[in-house]
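Here is the structure we will look at.
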Amino acid sequence: MITLNRRQFLATSAAFSGLSASTGFAGTPFATLTAQQSDVQLLPGNYGKTSLWCFDGGSPGPEIRVAQGGRVQRRLVNRFSQGTSTHWHGIRIDNAMDGVSGLTQDVVQPEETFDYDFTVPDAGTYWYHAHNRSFEQVGRGLYGALIVEEAEPLDIDREEVLILDDWLIDPETAQIKDDFGAPHDLSHAGRIGNLLTTNGTFNLGLSARKNERLRLRLINAANARNFQLGLEGLDGWAVALDGMPLAAPIKVTEPMILAPAQRIDLIVDVVADVGETAHILQFGREEAFSQVTFEVVEWGSKNRRDAPLALPPNDHRMVDLSEATMLSLSMEGGAMGRMRSASLGGELKPIGEIVEAGYFWSFNGKVDGINGDPLARLDRGQNVRLKIVNDTAFPHAMHLHGIHFHEVAENGTLGPLRDTTLLERGQTREIAFVADNPGQWLLHCHMLSHAASGMMTKIVVG
Ligand code: C2O
Ligand code: CU
């Protein structure tokens, strides 16, 4: 019998195994993106392969890379057992292309296809993922990176796209534990995995050169884990959050928290010496583990560069806080929470019946999710301030589709633009945005088990 605890998962090393990607059928107008079941070497090589749900045979799926202002055209082909659809997370997209099953499109049934065709207004680091039964489909591997390049290349030596995930694996079988939707996950912190990977590889190892400057595009694809990251042997600056450039680079001096669905772009200089290793560290409860290793194999340049400049800003309409409509969202429920009743299908029901129906969380006292009344109907161009109160005992990563928002600082100033904001237990945060993209936009927790059990609403613009 093989048993493998989390520590051993993290301590065993594995060689990088490249994941294959297939391309489209000849004669079709769009390159295809095929959702299918594939057996992938996810665990270290002495374990068996793991059956995943993948785009084009790998998880992550193929990297989609396009110039700012360019067009993405992909034919989703569904070759697995459930209906699906693809959401382009963080893109200020045409609503019909947002990929939400049951809201912006019909679910794409097995053996059916759907053509996605949209332009990308903003440069930055984005991702795509399944958006039907996301808590299971993303948890089984249906996601990939979507990179939108700036018009002007940056002053860097190279870049790495690094997609972080954690998987819940049964080490005896090397298979994903199939208890998706387990009530404990739904009602607590979500589905937390026991195998941490980067780009589908445990202990990803890369090589680097001394004084080399890299751009790292980090993406958290995990269902529920907040990664706490640090740098060792790398001197770094954060330059963008959720795709959107920061006004000025921020030197990395303390652990960075990357909540599910969030991205951070770093510029890092390799300061470890030749023969040493640099790391992206991931902080556990008591100690730090290496998430990605950079082996410094030779000298790059003799000297370090000057501190990096800010990335060019994306063209974004400024929010006018003084003109803004105030909205509020109260998040309740979960284990150790205060929810005693909630409204389901327009009827107030006691918590027992709510739980019986599979819900554990409510937004403003309702659990109707995608089918319920919207949180708000807004005019196009309306300025909005939304106060979100996390009245629960768990952290939540709130994501708004189709529109980036500012986090509003305590002193009322506008913080960075984001598409996903982390609220710690008991925390209140205000966000502000201009509702300039017409359509029906989901607002939900990106701890995907929470979204599936009540933490979902929408706003309607125009
Ligand atoms: Cu990345 Cu509705 O999600
Ligand atoms: Cu949540």
Side-chain angles (χ1 to χ4, degrees), residues 60-61 84-93 95 97-105 107 125-139 142-146 163-165 184-192 219-226 242-243 258-263 329-337 339 359-363 367 369-370 375 388-405 418-427 429 439-459:
T84 192
S85 62
T86 308
H87 170 56
W88 312 89
H89 183 118
I91 302 292
R92 290 194 289 153
I93 202 166
N95 192 244
M97 294 289 122
D98 198 40
V100 179
S101 288
L103 184 68
T104 64
Q105 67 171 92
V107 66
T125 302
Y126 304 95
W127 64 304
Y128 60 92
H129 62 78
H131 214 299
N132 187 42
R133 291 181 57 82
S134 316
F135 64 99
E136 176 171 20
Q137 295 188 5
V138 176
L142 277 169
Y143 61 78
L146 172 57
I163 310 188
L164 313 182
D165 200 357
H184 185 275
D185 293 346
L186 297 180
S187 59
H188 290 72
R191 184 179 166 97
I192 305 282
I219 301 169
N220 182 356
N223 269 34
R225 177 182 295 267
N226 292 316
D242 298 348
L258 200 63
Q262 289 186 328
R263 289 88 65 212
L329 175 63
S330 164
M331 313 167 74
E332 286 182 13
M336 298 165 282
M339 184 169 89
Y359 298 101
F360 291 93
W361 312 89
S362 65
F363 276 179
V367 297
I370 205 167
L375 176 72
I388 308 174
V389 181
N390 177 6
D391 191 8
T392 80
F394 296 93
H396 303 286
M398 290 295 291
H399 170 48
L400 176 60
H401 284 220
I403 300 169
H404 271 68
F405 52 78
R418 306 212 67 137
D419 61 43
T420 305
T421 185
L422 177 64
L423 284 95
E424 297 291 353
R425 52 189 292 179
Q427 197 178 3
R429 165 153 311 117
Q440 305 197 67
W441 303 111
L442 281 190
L443 172 64
H444 65 86
C445 180
H446 223 288
M447 274 77 171
L448 297 170
S449 315
H450 295 168
S453 54
M455 285 202 153
M456 186 175 290
T457 183
K458 64 190 170 196
I459 60 166

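Counting convention: from 1, in listed order, for ligands and their atoms alike.
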Check: Hey, are Asp419 and Arg263 close enough for a salt bridge, meaning a charged N less than 4.0 Å from a carboxylate O?
Finding: yes
Next item on the list: Measure from the Cu ion (ligand 2) to every N/O/S atom of His396 and report the name of the nearest one.
Entry: ND1
Item checked: Angle subtended at the Cu ion (ligand 2) by His450 ND1 and Cys445 SG, rounded to 10 degrees -> 130°
Margin query: Which atom name does His129 have for its N/O/S atom nearest to atom 1 (Cu) of ligand 1?
Written below: NE2
Checklist line | Rounded distance (nearest 0.5 Å) linking atom CG of Asn132 with atom CG of Leu142 | finding: 10.5 Å
Check: Are the ring centres of Trp361 and His396 closer than 6.0 Å?
Finding: yes
Notebook entry, point to check: Strictly under 2.8 Å, is any N, O or S atom of His87 next to atom 2 (Cu) of ligand 1?
Noted result: no
Checklist line | Proximal heteroatom of His89 relative to atom 1 (Cu) of ligand 1 (N/O/S) | finding: ND1
Item checked: Residue among His89, His399, His444 satisfying ring-ring contact (aromatic ring centres under 6.0 Å, His included) with His131 -> His444
Check: Would you call the rings of His446 and Trp127 parallel, tilted or perpendicular, where under 30° means parallel and over 60° means perpendicular?
Finding: tilted
Next item on the list: Looking at His401, pick out the N, O or S atom nearest to atom 2 (Cu) of ligand 1 and give its name.
Entry: NE2
